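The structure appears below as C-alpha cells.
Note that the structure is predicted; figures quoted are calculated from it, not measured. Numbers here are sequence positions counted from 1.
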Amino acid sequence: MIERLPGDPGLFPQRVTLELTNRCNLNCTFCPRQYMEKERGFLDFGLASELIREMAEHAPVAVVPFFRGESLLHPQWYDILKLIQELHVGEIQFTTNASLLDQENRERVLDLDLSFISFSLDTVDPALYMSSRQGSDFDNVMGNVLEFLKLRDKRGVSTQVQVSAVETQLHKPGMDAFVAFWRDKVDRVRVYAEHSSDGHPGSIDEPLPQFDRRLACHKPFSDMVVYWNGQTACCNHDWTRQVNGSPLGDVSRAGIAGVWRGEAYARLRAAQRCGQLDGVSPCDGCDHWKMYYMDAGFLGRTYAKRG
C-alpha cells in the first residue's frame with residue numbers, strides 16, 4: 001500500500017467533467033445507465049459557455065466533455081469543444097462510442113486538435129459487439145475509427161488516440177485479440193474492469209487488494225462532474241446522485257467555484273478523510289478509491305503502442 005492521501009482541494013477543481021447529454025444512441029448490456037434517473041436532456045449552450053469561461057479564469061483545468069451519454073448527439077458539441085480550445089482552458093479528454101464518427105465529424109474532431117480521444121469498442125468479435133453494444137453496427141464503427149486514424153496521420157494532427165474495452169465475463173476471453181489488433185494502430189489500449197454490475201456505482205467484481213480501513217478517495221478533492229441540468233456529482237462513478245444521493249449543488253446558480261467551496265462538498269470530504277461513508281452514496285459501495293493506494297495508481301490495464 002502506498003500512502004497517497006488527498007491534499008488540499010484548493011479553490012477550484014483540477015478537472016471538470018461536463019455531461020453534454022445523458023442521452024445515448026446505444027443500449028450496452030454492461031452499462032450502469034439502467035440505474036439512472038429517467039429524465040434526459042442536453043447541456044444548455046449558454047450554461048456551458050458560462051462554465052467554460054469560469055474554468056478559463058482558473059486555467060489550466062482539464063475538461064472531460066462526456067458522461068453517461070454519447071456527446072456527439074449534442075447539437076452543439078463542436079461549438080462547446082471549440083470554445084474550450086479557444087479560451088485555453090486546458091486539456092480536453094474526449095470519449096465517444098464512434099458510431100456517429102462519420103466523415104464530417106471526423107474532420108471536425110481533427111479540426112479541434114484535441115490532446116486526447118478515446119473510442120469505446122470492447123471487442124473485435126462482430127457477433128459479441130452487436131449483442132453487447134445494441135443499436136450499433138460493428139463494421140460501421142470499425143471503419144469510422146480506422147478512417148479517423150488514417151485522416152489524423154494524413155493531416156499530421158497530434159491527437160493521442162486510445163481504444164478501450166470493459167472486461168466483462170463475456171469480453172474477457174477475447175481481450176488478448178482485442179489488444180493485439182489495436183496495439184499497433186493506436187497510442188494506447190485501455191482495458192477497464194467492469195464496474196457497477198451489482199447496482200452499486202463504482203463497485204468492482206474482481207479481486208482487489210485488501211485494506212484494514214477505508215481510506216479517502218481523491219476524486220472529491222480534485223474532480224467535479226456537472227450533469228447536463230447543472231446539478232453536480234462527486235466523480236465519474238456518481239451515476240445516481242439525482243436518484244439516491246444528496247445534492248452537492250447547482251452550478252447554474254452558484255458556479256463551479258461556489259459549489260466546490262460549499263458546505264455539501266466540505267461534508268463529503270470530511271467523511272472521506274475519516275472513512276465514515278456508510279450510507280454516503282455512491283461512496284459506500286465503491287471500490288475505485290483503492291486505486292490511489294495501489295502501485296499502478298489505476299484499475300485495469302493499459303498497453304502502449306509498440307515500436
Side-chain angles (χ1 to χ4, degrees), residues 6 8-23 32-33 35-69 71 74 80-81 83-84 89-90 92-95 195-196 200-202 216-273 277 279-286 288-289:
D8 189 319
L11 300 178
F12 205 83
Q14 300 168 29
R15 182 168 67 169
V16 174
T17 293
L18 292 179
E19 182 179 73
L20 302 195
T21 182
N22 63 347
R23 297 176 185 267
R33 289 175 57 82
Y35 307 119
M36 287 168 44
E37 71 280 359
K38 301 301 182 184
E39 187 178 8
R40 302 286 185 264
F42 296 101
L43 178 63
D44 177 75
F45 182 74
L47 175 58
S49 300
E50 291 177 11
L51 299 177
I52 292 165
R53 295 183 190 283
E54 183 184 7
M55 285 187 276
E57 295 174 358
H58 297 269
V61 178
V63 185
V64 184
F66 158 80
F67 187 49
R68 301 192 305 177
S71 294
H74 195 293
I80 292 172
L81 270 62
L83 184 60
I84 298 170
V89 174
I92 297 176
Q93 302 166 358
F94 194 50
T95 297
H195 67 87
S196 311
H200 292 97
C217 180
H218 288 210
K219 292 286 189 181
F221 298 83
S222 61
D223 286 48
M224 176 187 286
V225 174
V226 178
Y227 292 135
W228 66 272
N229 60 4
Q231 294 292 316
T232 51
C234 65
C235 75
N236 59 327
H237 292 288
D238 197 352
W239 286 64
T240 60
R241 176 162 297 276
Q242 296 185 97
V243 179
N244 301 321
S246 300
L248 286 173
D250 187 333
V251 296
S252 67
R253 299 179 180 179
I256 295 172
V259 173
W260 186 249
R261 304 172 200 174
E263 292 183 6
Y265 253 105
R267 288 194 298 270
L268 177 60
R269 294 182 188 117
Q272 287 284 351
R273 286 194 185 279
L277 293 161
V280 178
S281 179
C283 307
D284 58 349
C286 184
H288 275 74
W289 64 271

Where do Asn236 and Phe67 come nearest, in terms of heavy atoms and distance? O-CE1, 3.1 Å
Can you see whether Trp260 has Arg269 sitting over its ring - NZ or CZ less than 6.0 Å from the centre and within 45° of the normal? yes
Does His58 have any ring pair (Phe, Tyr, Trp, His ring centres under 6.0 Å) partners at least two apart in sequence or in another chain, and if so, which? Phe12
Do Trp239 and Arg68 have side-chain heavy atoms sitting under 4.5 Å apart? yes
Are the side chains of Cys235 and Cys286 in contact, using a 4.5 Å heavy-atom criterion? no
With the side chain counted from C-beta on, respond yes when Thr240 and Pro201 share a heavy-atom pair under 4.5 Å apart, and no when they do not. yes
Minimal heavy-atom distance between Gly202 and Ser196, with the atoms involved, is N-OG, 2.9 Å
Among Val16, Ile80, Thr95, Ile92, which residue satisfies the side chain to side chain contact (heavy atoms under 4.5 Å, CB included) criterion with Pro65? Ile92
Is there a side-chain contact between Arg241 and Thr232 (heavy atoms, below 4.5 Å)? no
Using ring pair (Phe, Tyr, Trp, His ring centres under 6.0 Å) as the criterion, list what pairs up with Phe42, not counting sequence neighbours. His74
Is there side-chain contact between Arg53 and Glu50, with heavy atoms separated by less than 4.5 Å? no
For Ala264, side-chain contact (heavy atoms from CB on, under 4.5 Å) partners two or more places apart: Leu248, Arg267
What's the spacing between Arg15 CZ and Ser222 OG if we round to 0.5 Å? 7.0 Å
Closest non-hydrogen contact found for Asp250 with Val259 is N-CG2, 3.7 Å
Could you go step by step and tell me if Ser49 and Leu83 meet the side chain to side chain contact (heavy atoms under 4.5 Å, CB included) rule? CA-CA 8 Å; Ser49 300; Leu83 184 60; 3.8 Å; yes
